[in-house]
There are 2 protein chains.
Amino acid sequence: MAKYDDRLDRHFSALGDATRRSILARLARGRATVGELAAPHDMSLPSFLGHLRKLEEAGLITTAKDGRVRVCQLAPDAFAPAQDWLAEQREIWTGRLDRFDAYVATLKNERDP
Amino acid sequence: MAKYDDRLDRHFSALGDATRRSILARLARGRATVGELAAPHDMSLPSFLGHLRKLEEAGLITTAKDGRVRVCQLAPDAFAPAQDWLAEQREIWTGRLDRFDAYVATLKNERDP
DNA sequence: CGCATACTTAGCTACATGGCTAAGTATGAC
DNA sequence: GTCATACTTAGCCATGTAGCTAAGTATGCG
């Protein structure tokens, strides 16, 4: 269980930064090199590489060296862990609301038969 | 735009911690007091309160003082911002894959008319 | 009133994060 | 071989995060 927790920790933490979300949004439109990804960001390359490394450690992207450039792309099913966790919580929450609605309906029926 | 970014930053960052996700999972099953929420966590109360404060600042939960207890519950549509962002990215990514599939199909047709 | 309960605030420490510059390595072009 | 390009590594600094203890406030009970 701790293993899944760690994975989700890295996953959500990586998403908790606007620079990194912007990188992901760019990669959702197709693969790109480090240089292409870095260009729009007013930041030194080493700093930018730190963000890429976090995304890769979180399993959100994969990278591969091709000659002297590194090509980055979204990992397959990159967002699945986050989406699954969120969907699960909302299902539990929604289920609770449904039961509450049913309870309220019962009360109404008892009051106005 | 920076405003939405900040909101998502806090939102995803708050989710990037197993203790906080566990609090949310508990609250998805119904409201609870600070003491009830803290009980399963081997942690001092001040430390635990720090997590609750982060969740509240991220807009994921709401809390209200009732006598000497504080009651916590999930915010309405708590997970919507995160789910919306993730769904949006996946749509872009899926669209790209669809276009790529179409491109591959075109190539095949040209080769095998 | 007196006391227990349930937070709450203040203040501290250790470590992680995000940024930088400077210098190094590896590859492609000439 | 020489040189520019495209990262990459090393090392430093400021800030934020997560934990703690100790002490304070506010509410409910007898």
Counting only side-chain N and O atoms of A:S44, is one of them less than 4.0 Å from OP1 or OP2 of C:dC20?
yes

OP1 or OP2 of D:dT25 under 4.0 Å from side-chain N/O of B:R68
no

So, does B:K65 get its side chain near the phosphate of C:dT8, meaning an N or O under 4.0 Å from OP1 or OP2?
yes

Rounded interatomic separation in angstrom, taking CG from B:L52 and C1' from C:dA6:
13 Å

Spell out, yes or no, whether A:M43 and A:I61 are grouped together once hydrophobic residues are joined by side-chain heavy atoms under 4.5 Å, including indirect joins.
yes

Rounded to whole Å, CZ of B:R70 lies from P of D:dT27 at a distance of 12 Å

Is A:S47 near enough to C:dG18 that one of its side-chain N or O atoms lies under 4.0 angstrom from OP1 or OP2?
no

Rounded to whole Å, please give me the gap between CE in A:M43 and P in D:dC7.
16 Å

N/O donor-acceptor pair under 3.5 Å between A:R26 side chain and A:R21 backbone
no

Position toward the 5' end of DNA chain D (nearest nucleotide), B:K54 or A:L45:
A:L45

Please determine, by modelled atom types, if A:S22 and A:T19 share a side-chain donor-acceptor pair under 3.5 angstrom.
no

Take the protein atom CG of A:L49 and the nucleotide atom P of C:dT21, then report the distance between them rounded to whole Å.
14 Å

Out of C:dT17, C:dA10, D:dC7, whichever nucleotide has its closest atom nearest the side chain of A:T33
D:dC7

In whole Å, what is the span from the CG atom of B:L37 to the P atom of C:dT8?
12 Å

B:D66 CG - C:dT8 C1' separation (whole Å)
17 Å

Between D:dT17 and B:H51, is there an OP1 or OP2 to side-chain N/O distance shorter than 4.0 Å?
no

Tell me whether A:R31 at atom CZ has more than 12 heavy atoms from other residues, nucleotides or ligands lying less than 6.0 Å away.
no

Within the structure shown, what part of the strands sits under 4.0 Å from B:R53 by heavy-atom distance: base, sugar-phosphate, or nothing?
nothing

Starting at CZ of B:F48 and ending at P of D:dG19, how long is that distance when rounded to a whole Å?
11 Å

Nearest-Å distance for atom pair CZ/P, residues B:F12 and D:dT17
17 Å

Need to verify one output field. Residue with the more 5' nearest nucleotide on DNA chain C, A:P46 or B:E36?
B:E36

Would you mind classifying the nucleic acid contact of B:G50 as base, sugar-phosphate or nothing, using non-hydrogen atoms under 4.0 angstrom?
nothing

5' precedence on DNA chain D between B:G67 and B:G16 (nearest-nucleotide basis):
B:G16

Taking B:K54 first and then B:D17, would you say they form a salt bridge - that is, a charged N and a carboxylate O separated by under 4.0 Å?
no

